[in-house]
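Contents: one structure, followed by commentary.
Numbers restart at 1 for each chain; the letters A, B, ... are given by sequence-line order, proteins then strands. Just so it is clear, the structure is predicted and the values come from calculations on it, not from any experiment.
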4 protein chains.
Amino acid sequence: MPKSQPSELPSASIRERSIGGKTRSRSEKAHAAIFQAALGLLDEVGYAALSIEAIAERSGSAKTTIYRWWPSKAAVVLDAYIHTRARQIAVKSTGTLSDDLERFVAATCRALRETSAGPAMAALMAEAQNDPKIAQVFREKWIEGRRSVLKGILSDGLARGELSPAIDLEVLADCIYGPIWYRLLNQHGPLKDAFAKTLVRQVMAGAAPRVSG
Amino acid sequence: MPKSQPSELPSASIRERSIGGKTRSRSEKAHAAIFQAALGLLDEVGYAALSIEAIAERSGSAKTTIYRWWPSKAAVVLDAYIHTRARQIAVKSTGTLSDDLERFVAATCRALRETSAGPAMAALMAEAQNDPKIAQVFREKWIEGRRSVLKGILSDGLARGELSPAIDLEVLADCIYGPIWYRLLNQHGPLKDAFAKTLVRQVMAGAAPRVSG
Amino acid sequence: MPKSQPSELPSASIRERSIGGKTRSRSEKAHAAIFQAALGLLDEVGYAALSIEAIAERSGSAKTTIYRWWPSKAAVVLDAYIHTRARQIAVKSTGTLSDDLERFVAATCRALRETSAGPAMAALMAEAQNDPKIAQVFREKWIEGRRSVLKGILSDGLARGELSPAIDLEVLADCIYGPIWYRLLNQHGPLKDAFAKTLVRQVMAGAAPRVSG
Amino acid sequence: MPKSQPSELPSASIRERSIGGKTRSRSEKAHAAIFQAALGLLDEVGYAALSIEAIAERSGSAKTTIYRWWPSKAAVVLDAYIHTRARQIAVKSTGTLSDDLERFVAATCRALRETSAGPAMAALMAEAQNDPKIAQVFREKWIEGRRSVLKGILSDGLARGELSPAIDLEVLADCIYGPIWYRLLNQHGPLKDAFAKTLVRQVMAGAAPRVSG
DNA sequence: CTATAAGCGAGACGGTACGTCCCGTCTTAGA
DNA sequence: TCTAAGACGGGACGTACCGTCTCGCTTATAG
């Protein structure tokens, strides 16, 4: 297989083959239609009720074509998401870690709360529990991307001395993203701005009472 | 099994009808067999590969009997879990909040890491994303139970003055359980004892550097 | 309902037990309700869509009660028919065989054509093909009854010299009832009065041309 | 099997779609296996105990394949019968109507009595009572075929002057086939050769005594 | 400037599990 | 003792999708 570079999921792609160099245009049309159909159905009926047959029908593709490129509906959806909605949540630094963090968390929560990203992320995380391959790609291609943005913010803060050098950055990132995911998936509390603010302040300040002085 | 009272899922049971009334004897045998089959298969083949047909076959029940009492495989599994594995993770207080918390978190991580509870919880949380009814029961009958234990520990600490009164206990609980769930589901880091220790210390102390003075 | 004697299906009844002497009234009430429900449903949804569960529900009986007395839905329906719709088609003799026959056949066709007897008979005959017990009772308790009326008419004609002594009466009866059943079941032609007249005339006169002189 | 033309059930087939178009090779194998399985099971367990699941299992097909082409087990069986057992009962003319008729009736009775055709025909006629679509195809594709052979014999006799011109041929055909079906379905008398002979003679000669001369 | 081979649509196929209907049996409580 | 009630084990139903498999058609370059 020639497999030039045009493929965007280089190492851990779910795609089993890259798009060949020769007949690119037909492929691309079909792939675009499949992505669009997948995301449309995802919004309309939800992930659980989504089927490859439905994607094929709506996109005007043959099931064969879908199976040629993706091994499962999760792979289609994830790939569709990565290719078409891969907007990074980027926040310009204010120069203060707490503010940067709060903006980042609030923006993340807003996206999860107000767009279809919330249910989609929840569904993909759910699917990842049943399919290790999806889990891997989801983690490496989606979660890690967002996590590295967060860790960048934290690193900047550390460099500025706004973070104790003893802090484990990985665990600190877990303390930010963990509660967000927890609320997204478990729905025991809202992902509103107040939550973002409280979360960041508490994580930064700690729970223990400040020593007097 | 504690199972002392006749009715174990009083308010928010997934069961659509109570076993009340006239006939009961056969029911209990069948239900016990169904629970056992469900959990056995859950351990052996995993949640995704579990089918109601397989539960029926292994338990010697008819599919109709299962469908009479539970609307989905998720409901069977969740009910089975609640009825037969409802061991609370209880930790005797050492008198110190940090120690209590660390023990609690470590015990929780150990259970998720070393028993079948980890995959089972992940699968149930995943299923909850596709089924609001399951989500509700899972949250109310399982998650909240564990969460209230944690909040009890925190409250005790608060009473002892080991916690700043300004702290939002709900968000604090999220900062404990969130990272645990996050690692359980996303698998980006281990749930080992060191993680428990770091997590608790960081959450208690906060990330910001202590003011010298 | 005439229903004077306690048991109307003495020898070849489908009923597996007779109605006991002691608790007659409850039985009778239940049976009447079951018959009524069965015939009502028969008219409403047809034989194929009829179920014992539906009869039980509509009649307010328990399935157990129905199964105690009848082995199948066919047995219930047949018994119900025999008990409540056993109107004989009796024709007063005009003194002429051809006229008697024509009246009898026309009356039979009219009943099959204009009442629910047609579909019911067809359904029972159909069921008899799948259940020898039903076949036996249907034949002995229903068909033979009507057939004996016909044979009585024929015998009277024979006694009056209106029938050739060489005629096989059984086959002659088949030549009357056969075409009627054939049209009822196969629906290739109508069961109207003209058919009755032509049938009788042709059977009586024969198909071969009369020798001239 | 005659089966020369590609399409055997042109107008009133039970099949809901033709096998037309692109893919065909697999289909024929599967269909043949389904027919064979259906007829084998019909002989072995009878029509009532026949299930589509059993046909699928024995034929090595999937249930879906059967349901893709036929709407019910009756349709499968009828189609199987029409395609593989469509032997006409043809009788070479002896030049005499009575003899031709007697041979035809005797051959028909023999087939119904000695082969599996008897139970099969009875079962199909029974099923036709519950399913108008089956009724139609059974009538048009099976009954009418045989009936037209009979009417051909009668027409030939009429042309030879062996039949009174006043005779209604349809009713006459009913007088032949009606008694046969009646005995087949009601089982009140045997379908042996003597019956065939008596039936034909009586129908031809008529029941009324011959005018002296 | 074809030819040719890959990708494509179409859709039948064997298959799994679904959730439902109704079966006929059973157990129970009450009249 | 019989009844109403209804849970039970069971068989088959007809359906939805699965993932695989031909089958011809389309089409874009390679010869």
Side-chain angles (χ1 to χ4, degrees), chain A residues 17 19-27 29-31 49-57 59-69 71-73, chain B residues 17 19-31 49-54 56-57 59-69 71-73, chain C residues 19-20 22-27 29-30 49-54 56-57 59-69 71-73, chain D residues 17 19-31 49-54 56-57 59-69 71-73:
Chain A
R17 303 190 250 162
I19 307 175
K22 295 183 181 181
T23 52
R24 149 164 308 210
S25 63
R26 292 181 70 199
S27 267
K29 257 187 234 169
H31 287 212
L50 195 62
S51 72
I52 287 198
E53 298 222 331
I55 296 174
E57 192 180 6
S59 69
S61 307
K63 275 202 296 176
T64 329
T65 303
I66 299 178
Y67 280 110
R68 196 180 340 266
W69 300 105
S72 65
K73 75 166 176 174
Chain B
R17 303 186 253 163
I19 320 180
K22 301 189 172 180
T23 307
R24 180 176 250 274
S25 59
R26 304 275 294 251
S27 200
E28 283 182 350
K29 261 186 226 168
H31 286 212
L50 194 61
S51 73
I52 287 196
E53 297 223 329
E57 191 179 7
S59 70
S61 306
K63 269 200 298 178
T64 40
T65 300
I66 299 178
Y67 280 111
R68 195 175 350 259
W69 299 106
S72 64
K73 74 167 178 174
Chain C
I19 308 176
K22 293 186 181 178
T23 52
R24 148 163 313 209
S25 64
R26 294 179 73 195
S27 266
K29 257 186 237 169
L50 194 63
S51 73
I52 287 199
E53 298 222 331
E57 191 180 5
S59 71
S61 307
K63 275 200 298 174
T64 329
T65 304
I66 299 178
Y67 279 110
R68 199 183 332 273
W69 299 105
S72 66
K73 75 166 176 174
Chain D
R17 304 185 253 164
I19 320 179
K22 300 188 175 181
T23 308
R24 180 178 251 274
S25 58
R26 304 274 293 252
S27 202
E28 284 182 351
K29 262 187 226 167
H31 286 212
L50 192 62
S51 72
I52 286 197
E53 297 223 330
E57 191 180 4
S59 70
S61 306
K63 267 201 299 178
T64 40
T65 300
I66 300 178
Y67 280 110
R68 196 174 350 257
W69 299 105
S72 65
K73 74 168 177 172

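- What separates CD1 of B:I66 from P of E:dC18 is a distance of 9 Å, to the nearest Å.
- Across the protein-nucleic acid pair, D:E57 atom CD and F:dA12 atom C1' stand 13 Å apart, rounded to whole Å.
- D:K63 is linked by a salt bridge (Lys or Arg N to Asp or Glu O under 4.0 Å) to D:E53, counting only residues two or more places apart in sequence or in another chain.
- A:K29 places its NZ atom 11 Å from the P atom of E:dG9, with the value rounded to the nearest Å.
- Residue C:S59 is the one, among C:S59 and B:G60, whose nearest nucleotide of DNA chain F lies closer to the 5' end (criterion: closest heavy atom).
- Distances shown here put a side-chain N or O of C:T65 below 4.0 Å from the OP1 or OP2 atom of F:dA4.
- Annotation for B:A56 and B:A62: closest pair CB-C, 4.2 Å, computed over non-hydrogen atoms.
- Taking OG of B:S59 as the start and NZ of B:K29 as the end, the distance is 14.0 Å to the nearest 0.5 Å.
- The nearest whole Å value for the distance from the CZ atom in C:R68 to the P atom in E:dT27 is 14 Å.
- When each of E:dA12, E:dC8, F:dC8 is scored by its nearest atom to the side-chain atoms of B:H31, the top-ranked nucleotide is F:dC8.
- D:H31 NE2 to D:W69 CH2: the interatomic distance, rounded to the nearest 0.5 Å, is 5.0 Å.
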Which parts of nucleotides 20-25 of chain E does protein reach within less than 4.0 Å, heavy atoms only, written one letter per nucleotide 5' to 3' as B for base, S for sugar-phosphate only and - for none? BBBBBB
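- Separating the CH2 atom of A:W69 from the C1' atom of E:dG7 is a distance of 8 Å, rounded to the nearest angstrom.
- Candidate nucleotides F:dT3, F:dC8, E:dG9 were compared by shortest atom distance to the side chain of A:A62, and E:dG9 ranks first.
- Rounded to the nearest 0.5 Å, atoms OG (A:S61) and CD1 (A:I52) are 11.5 Å apart.
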